[in-house]
Amino acid sequence: MTYYTQNTGHGSLNISELVFIQSAQRVLQELSVGQLKDRILLKSGKKTCKVTCEIDKHNKIVVSAEIFMVAGDENASEATSLIQQSIYDAIYDITEIRQVEINVLVLGFVLKK
């Protein structure tokens, strides 16, 4: 497990990669049953989408979220942008860290929900 580490005047702050993963998972779950319920899926057949986080030795945080898009969505980039911004906002609200890269990986397109 890796940690984001920030030295403060009173010690160090260490945030586990699991905090970033769980935050992104919560956002994806909320969007998949709410605002994007007819546009994205987090599971198709036996494949379940996952969220990963990498924190390098320079504290660069990269969160990657997998999704399936519903076929026929004419503006997939709008949905992925909303996901990116929503995950970023959730992480910032919890940690106040701005240097976070959010990647949304579209695993495929499904015919319907």
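Only a predicted model underlies this, so the values are computations on that prediction, with no experimental measurement involved. This chain uses plain numbering: 1 for the first residue, then up along the sequence.
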Asker: Using side-chain contact (heavy atoms from CB on, under 4.5 Å) as the criterion, list what pairs up with Gln85, not counting sequence neighbours.
Answerer: Tyr88, Asp89

Asker: If I compare all heavy atoms of Ala71 with all of Leu111, which pair ends up nearest, and what's the gap?
Answerer: CB-CA, 4.1 Å

Asker: With sequence neighbours left out, what residues match Tyr3 under side chain to side chain donor-acceptor pair (under 3.5 Å)?
Answerer: none

Asker: Let me check something: any side-chain donor-acceptor pairs from residues 44-52 under 3.5 Å, sequence neighbours excluded? List them with distances.
Answerer:
none

Asker: What pairs with Ser86 under side-chain contact (heavy atoms from CB on, under 4.5 Å), at least two apart in sequence or on another chain?
Answerer: Val27, Leu31, Leu82

Asker: Say you draw a straight line from CG of Leu105 to CD1 of Ile67; how long is it, rounded to the nearest 0.5 Å?
Answerer: 8.5 Å

Asker: Please list, chain by chain and in numerical order, all residues satisfying side chain to side chain donor-acceptor pair (under 3.5 Å) with Thr5, sequence neighbours excluded.
Answerer: Asn14

Asker: Can you tell me how far the CD atom of Glu96 sits from the CD atom of Gln6, to the nearest 0.5 Å?
Answerer: 9.5 Å

Asker: Applying a strict under-4.5 Å side-chain criterion to I, L, V, M, F, W and Y, I'd like to know whether Phe109 and Ile40 cluster together.
Answerer: yes

Asker: What residues form a side chain to side chain donor-acceptor pair (under 3.5 Å) with Thr8, not counting sequence neighbours?
Answerer: none

Asker: Under a 4.5 Å cut-off applied to non-hydrogen side-chain atoms, are Val63 and Ile91 in contact?
Answerer: yes

Asker: Side-chain donor-acceptor pairs under 3.5 Å in residues 17-24, sequence neighbours left out?
Answerer:
residue: Glu17; atom: OE1; partner: Thr2; partner atom: OG1; Å: 2.8

Asker: How would you list all residue pairs meeting salt bridge (Lys or Arg N to Asp or Glu O under 4.0 Å) that involve residues 22-36, not counting sequence neighbours?
Answerer: Arg26-Glu30

Asker: Could you list all the salt bridge (Lys or Arg N to Asp or Glu O under 4.0 Å) pairs where at least one residue sits in residues 75-85, not counting sequence neighbours?
Answerer: Arg39-Glu78

Asker: Hey, could you give me the OG1/CG distance between Thr80 and Asn75, rounded to the nearest 0.5 Å?
Answerer: 8.5 Å

Asker: Name all residues meeting the side-chain contact (heavy atoms from CB on, under 4.5 Å) criterion together with Glu101; count only those two or more places apart in sequence or in a different chain, and write none if there are none.
Answerer: Lys60, Val62, Asn103

Asker: For Ile102, does its backbone N or O pair with a side-chain atom of Gln84 as donor and acceptor, under 3.5 Å?
Answerer: yes

Asker: Nearest 0.5 Å, what's the OG-CD distance between Ser32 and Gln25?
Answerer: 11.5 Å

Asker: Under the salt bridge (Lys or Arg N to Asp or Glu O under 4.0 Å) test, which residues partner Glu54, sequence neighbours left out?
Answerer: none

Asker: Under the side-chain contact (heavy atoms from CB on, under 4.5 Å) rule, collect the residues that match up with Gln99, sequence neighbours excluded.
Answerer: Tyr4, Ile97

